[in-house]
Trainee: 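What follows is a single structure, and I will ask about it in a moment.
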Amino acid sequence: TKLEEEFKGVELEAINSMDPNVWKKAGDMSEQIKGIDTEIQGITGEIEEIQEAYGKEVGSYLIENGLCKSYKFSKKMSVDGLNAVKDTMTKMKEYGAPTVDKVVYNPAECKYRGAAAFYEANTNSLHLSEHFSRSNEEYAERKKILDEDYEKYRERHGLNETLWNKWLEEAEERRKAATTPYDKQQAKLSRQYAEMIRDAKRKAVPETLDDLIVHEYGHALHFNVTGRENWNRNNPKMFGKKVMKASGFSWSSSDHAGRALAAQISWYASKDPLECFAEAFCANYKGMDIPKEFKSMIEEALSIERGKA
């Protein structure tokens, strides 16, 4: 705070000057800071009591309405964070998405995974990060910073119209000069990569706390329609694999068409087929314009899931 910064300056002056008056001023400021800290701690405690009580209310609502079987919240979770959980899980059930067994406030694991939230298939559980201790306004500000950082990254690496047009022209020249199947394939991959860079103007689809949860429900839906028996890392038969031109849980190394198409949704969607599906699900739910191939894929998955009800 400003007062703490002023105190540091006065304290340094007292040490250097050894002036009793300056030492007294530093001592007075220290006591003032302690008083403010005590007051803040009291207010924080009151807020956390309210949040803890509301968390129990939201948890009971989730269980009573068949939205999950158990929950583990924290007094650190904000009212906005809890409302995002309550409202979004309600809407997801109405939308025809699968329900989860458990929802957990788990910032440590989320931080370890570098995730704002994550869906764990083995336990059919939704895990939430410290973002859900923030207000909607605080998260919106953080999202704005992340988006600006992504724009700066693209600018810093020269990922602009001039560059990708240059790459597209070079890929076309390479295609025309190709005389072997290998050369033709490399020309195709070069073109697809340039298209991916060109179209990945958005870092990720989620813009709100609600959206973070919707994205994770996309993972839950993907797992459900694929089936546990097919969710095998050694021999995966992932739902939507043909649409995404994927090889198992990774993009095909011989064809980047799916990845290039995914970039039209977001950069994060082009990370791998699993994130592509979740980002496509979130974007489709939000009513965003996405490639028709992915829209059809999501609608088919929802149709399968709704048919189980």
Side-chain angles (χ1 to χ4, degrees), residues 107-119 127-172 174 186-216 218-219 244-246 249-253 255-291 293-294:
E109 183 66 19
C110 286
K111 185 176 182 179
Y112 173 75
R113 295 179 179 227
F118 71 89
Y119 170 73
H127 297 253
L128 308 172
S129 73
E130 63 179 6
H131 288 316
F132 290 83
S133 67
R134 297 187 169 99
S135 67
N136 288 328
E137 291 75 16
E138 287 171 331
Y139 181 73
E141 184 61 30
R142 179 171 175 77
K143 179 66 169 63
K144 180 182 177 183
I145 292 171
L146 291 174
D147 288 343
E148 289 173 351
D149 286 346
Y150 182 62
E151 284 299 317
K152 291 175 183 177
Y153 169 84
R154 287 177 64 86
E155 290 173 7
R156 189 164 61 249
H157 290 81
L159 304 180
N160 51 38
E161 187 172 358
T162 301
L163 180 64
W164 61 66
N165 280 340
K166 176 176 177 289
W167 286 353
L168 286 169
E169 289 172 4
E170 289 174 350
E172 178 60 17
R174 192 171 183 179
Q186 292 304 304
K188 180 183 72 173
L189 292 175
S190 296
R191 188 194 75 247
Q192 291 170 342
Y193 183 75
E195 290 171 347
M196 182 180 70
I197 297 300
R198 178 193 65 194
D199 295 335
K201 296 183 177 70
R202 181 190 299 110
K203 184 174 184 179
V205 171
E207 299 174 299
T208 64
L209 294 173
D210 299 54
D211 291 347
L212 293 177
I213 298 174
V214 173
H215 174 99
E216 298 311 319
H219 286 304
M244 293 185 279
K245 310 293 184 187
F249 297 116
S250 303
W251 298 111
S252 169
S253 59
D255 189 349
H256 291 337
R259 191 179 182 194
L261 202 61
Q264 294 183 32
I265 301 173
S266 69
W267 168 84
Y268 196 53
S270 70
K271 180 175 180 282
D272 61 51
L274 304 185
E275 296 305 339
C276 173
F277 188 99
E279 285 282 270
F281 175 81
C282 186
N284 191 61
Y285 177 76
K286 286 163 63 70
M288 295 170 62
D289 185 22
I290 63 174
E293 295 90 339
F294 293 143

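All values below were derived from every heavy atom in this structure, side-chain atoms included, with hydrogens, water molecules and symmetry-related copies excluded. The first residue of the sequence shown is numbered 1, and numbering continues consecutively from there.
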Trainee: Can you find a heavy atom in the side chain of Asp272 that is under 4.5 Å from one in the side chain of Phe249?
Mentor: no
Trainee: Indicate the atoms forming the closest heavy-atom contact of Lys203 with Leu146, along with that distance.
Mentor: CD-O, 4.5 Å
Trainee: Tell me every residue that passes side-chain contact (heavy atoms from CB on, under 4.5 Å) with His256, counting only those two or more places apart in sequence or in another chain.
Mentor: Leu189, Gln192
Trainee: Verify the distance criterion only: is there a donor paired with an acceptor across the side chains of His127 and Glu216 at less than 3.5 Å?
Mentor: no
Trainee: Mark yes when over 12 heavy atoms from residues, nucleotides or ligands other than Lys166 sit less than 6.0 Å from its NZ; otherwise mark no.
Mentor: no
Trainee: A quick test of your reading: do over 12 heavy atoms of other residues, nucleotides or ligands sit less than 6.0 Å from OH of Tyr153?
Mentor: no
Trainee: Provide the closest heavy-atom pair for Arg259 versus Ser270 in the form atom of the first, atom of the second, distance.
Mentor: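 The answer is NE-O, 3.0 Å.
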Trainee: Starting at CG of Leu168, measure out to CH2 of Trp164 and round the result to the nearest 0.5 Å.
Mentor: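 Taking CG in Leu168 and CH2 in Trp164, the distance rounds to 10.0 Å.
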Trainee: Before giving the answer on side-chain contact (heavy atoms from CB on, under 4.5 Å), spell out for Leu209 and Phe132 the whole-Å C-alpha distance, their side-chain angles and the decisive distance to 0.1 Å.
Mentor: CA-CA 7 Å; Leu209 294 173; Phe132 290 83; 4.1 Å; yes
Trainee: Would you say that Cys110 contacts Phe118 through its side chain, given a criterion of any heavy-atom pair below 4.5 Å between the two side chains?
Mentor: yes
Trainee: Residues two or more places apart in sequence or in another chain: which of them pass side-chain contact (heavy atoms from CB on, under 4.5 Å) with Ala269?
Mentor: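 Here the qualifying residues are Ala262, Ile265, Ser266, Glu279.
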Trainee: Indicate the ring-plane relationship of Tyr150 and Trp267, choosing parallel, tilted or perpendicular according to the 30° and 60° boundaries.
Mentor: tilted
Trainee: Sorted by first residue and then second, give each salt bridge (charged side-chain N to carboxylate O under 4.0 Å, His left out) pair with at least one member in residues 144-162; sequence neighbours left out.
Mentor: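 The answer is Lys143-Asp147.
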Trainee: For residues Met244 and Cys276, report the shortest heavy-atom separation together with the two atoms involved.
Mentor: SD-SG, 3.6 Å
Trainee: Are any of the side-chain heavy atoms of Pro273 and Trp251 separated by less than 4.5 Å?
Mentor: yes
Trainee: Could you tell me whether the side chain of Asn136 reaches within less than 4.5 Å of the side chain of Thr208, counting heavy atoms only?
Mentor: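 Heavy-atom side-chain distance check fails, nothing below 4.5 Å.
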Trainee: Compare every heavy atom of Asp211 with every heavy atom of Cys282, then report the nearest pair and how far apart it is.
Mentor: SG-O, 3.7 Å
Trainee: Working to the nearest 0.5 Å, report the span between CH2 of Trp167 and CD of Glu170.
Mentor: 9.0 Å
Trainee: If you take all heavy atoms of Ala260 and Asp199, which pair is closest and at what distance?
Mentor: O-OD2, 4.4 Å
Trainee: Going by heavy atoms in the side chains, are Gln186 and Arg174 under 4.5 Å from each other?
Mentor: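 Gln186 vs Arg174: side chains touch.
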Trainee: Mind telling me whether Tyr285 and Phe281 have parallel, tilted or perpendicular rings, with 30° and 60° as the class edges?
Mentor: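 Plane angle under 30°, so parallel.
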Trainee: Between Tyr139 and Glu207, which heavy-atom pair has the shortest distance, and what is it?
Mentor: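 Looking at all heavy atoms of both residues, the closest pair is CE2-O, 3.6 Å.
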Trainee: Hey, could you give me the OG/NZ distance between Ser250 and Lys271, rounded to the nearest 0.5 Å?
Mentor: 10.0 Å
Trainee: Is the shortest side-chain heavy-atom distance between Glu138 and Arg142 below 4.5 Å?
Mentor: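 In short, these two side chains do not touch, never coming nearer than 4.5 Å.
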Trainee: A side-chain contact here means heavy atoms from C-beta on lying under 4.5 Å apart; do Phe294 and Asn284 qualify?
Mentor: no
Trainee: Using side-chain contact (heavy atoms from CB on, under 4.5 Å), reason through Glu293 and Lys245 one step at a time and then give a plain yes or no.
Mentor: CA-CA 11 Å; Glu293 295 90 339; Lys245 310 293 184 187; over 6 Å; no
Trainee: With heavy-atom distances below 4.5 Å as the criterion, would you say the side chains of His215 and Glu275 are in contact?
Mentor: yes
Trainee: Begin with the C-alpha distance, continue with both residues' side-chain angles, and end with the deciding distance and a verdict on side-chain contact (heavy atoms from CB on, under 4.5 Å) for Arg198 and Asn165.
Mentor: CA-CA 8 Å; Arg198 178 193 65 194; Asn165 280 340; 5.6 Å; no
